There are 2 protein chains.
Amino acid sequence: MTPSRLAINQITTKSWSLEQAIVGYARAGVHGIGVWRDKLQQCGIGRARSLLRDAQAWVPSLCKAGDLAAMRAHGASAALDDCRRACDEAAEIGAPTVVFVCGGIGGASSLADARTQVAELLLQAAEYAAKAGVTLGIEPFHPMHAAERGCINTLRQAHALRQQVGPSAKVVFDVFHCWWDPDVMTYTAAPYTQETATVQLCDWRVPTRHPVTDRAMVGDGVADIAAMVRQFEANGYTGPYEIEIFSEDWWAVDPAQVVATCIDRYRQVTASAALAH
Amino acid sequence: MTPSRLAINQITTKSWSLEQAIVGYARAGVHGIGVWRDKLQQCGIGRARSLLRDAQAWVPSLCKAGDLAAMRAHGASAALDDCRRACDEAAEIGAPTVVFVCGGIGGASSLADARTQVAELLLQAAEYAAKAGVTLGIEPFHPMHAAERGCINTLRQAHALRQQVGPSAKVVFDVFHCWWDPDVMTYTAAPYTQETATVQLCDWRVPTRHPVTDRAMVGDGVADIAAMVRQFEANGYTGPYEIEIFSEDWWAVDPAQVVATCIDRYRQVTASAALAH
């Protein structure tokens, strides 16, 4: 768990453009950056590539594709088409993983039906992902988001889906969504460490005042992050740790200070996980 | 699933005293009433017994005991003492089940630690419950409540804990807490139907504007209640259906109208579960 494995997801510094984030993170010594497609589009893919290269930056994940509930409004094949574009974009900026957000119930007849439809979309998208040389990172979402944002809600569900989809799928582990999961120690151990595309870090604030935009900075909440990181490291996880904070509070702070705090907290969690930097 | 199996949990008509609720429900033809301990205390146990008898009412559950996180502030044995009192009170009003609310992290070092402590409390309380002739109904709480209200979050966890505790424990199935659970069809089937103390009905509102007090009336949300009821009924569940709506919206409505709505929605869910009244 070297500092070189630390990435910051750019939503954490929402007010920064992609260019500002690439430059700002690199200035602080962080060369990993989780990229969002809307920011990538604003920047332009060619320009993003050269900015990333100049900053010697790497991209753990491109967010996001999937979201069947939202895409259905745009036609039957909209979600699949969007998945394909996301795979191409990820390949172009060297991101190994497209974060696959499952979406809620939307127009499906029930939660069970929505879950079936997500599996179908993933199976279709997997073929294209394989050709593009990228992985679909299935992200289980906190159960409070089951109806509206993500109908796959546990690590067990996500890994079962990954297995069904095959080698083009992995799982995105996000502390916010998974910290409560009774199987968290199972799915942070072998063989699942190898099937985890990226580990997204934040913390669970008490109280959580908003279901989406009130995540805590790493170390400021009640999630036992050190236990999860320790388990991942002891079981052969060698992938990125990506700090991702959706937070109105942190979005109001100077992004350079947010980046400095992320680095500091990453070091603390590494230390409390009793692991070498 | 006869109307005689319908109960209303008195929190649904929060502005009514226990006396008002017993009389008001019976007037509408509902003789099942889920009782809260604070309301019971205001009424007095002796008086409650005679009111229940006069109204030919039955009590599916007495809410609540447990809540280790909150009780710990009152001393080491406070939670256990409170469990014992709840068992006695339940026995006195003929309620077969004390709803056991697990509580959040509180003073525990982590969520995992809190879960261990809940199991210890349940094992201690079970002996007393057996003597009192009542059951501890372990209620899994929605994962968004893991930190603050209930650290047991899935049906699988709750049934594993029940099995560990023995015959004095059952599980309380609450649609609000469990509707998203990937194992919901498993735990509404045999052999778990016999291990379910009561089924609490409400619905999941989209969006849910408050984690505690924004439940939807049965039929107004996205939970597939008919599927759950159908599964329970097809698998030998013979216990109560208890409508329990924590809702600022419904608390603002005339309680007599709320009761009428509950009855109406119960009939609708029974019909859509394709079962005889």
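Just so it is clear, the structure is predicted and the values come from calculations on it, not from any experiment. Every chain is numbered from 1, with letters handed out A, B, ... down the list of sequences. Just the heavy atoms: all of them, side chains too, but no hydrogens, waters or symmetry mates, feed the values below.
Contact between B:Trp180 and A:Leu111 at its shortest, heavy atoms only, is CA-CD2, 3.6 Å. Taking every heavy atom of both residues into account, B:Pro182 and A:Arg115 meet most closely at CA-NH1, 3.8 Å.
Ranked by heavy-atom pairs under 4.5 Å with chain B, the first of A:Ala146, A:Ala147, A:Cys151, A:Ser109 is A:Ala147. Comparing A:Pro211, A:Pro143, A:Ser110 by heavy-atom pairs within less than 4.5 Å of chain B, the highest count is held by A:Pro143.
Residue A:Pro207 touches chain B through both its backbone and its side chain, counting heavy-atom pairs closer than 4.5 Å. Looking at A:Arg209, neither its backbone nor its side chain comes within 4.5 Å of chain B, counting heavy atoms on both sides. For B:Asp183, the part sitting under 4.5 Å from any heavy atom of chain A is the side chain, from C-beta outward, and nothing else. Only the side chain of A:Trp204 comes within contact range of chain B, judged by heavy atoms closer than 4.5 Å.
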Could you go through A:Val206 and B:Glu148, starting from their C-alpha distance and side-chain angles, then the distance that decides it, and tell me whether this counts as side chain to side chain contact (heavy atoms under 4.5 Å, CB included)? CA-CA 7 Å; A:Val206 176; B:Glu148 293 159 278; 3.5 Å; yes
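Atom OG1 of A:Thr208 sits about 11.5 Å away from atom NE2 of B:His145, to the nearest 0.5 Å. Rounding to the nearest 0.5 angstrom, the gap separating the CD1 atom in A:Ile105 from the CG atom in B:Asp224 is 9.0 Å.
Ring geometry, A:His142 versus B:His142: the interplanar angle falls under 30°, so the pair is classed parallel (tilted spans 30 to 60°).
By the neighbour-count criterion of 12 heavy atoms within 6.0 Å, atom CD of A:Gln164 is densely surrounded, having more than that number from other residues, nucleotides or ligands.
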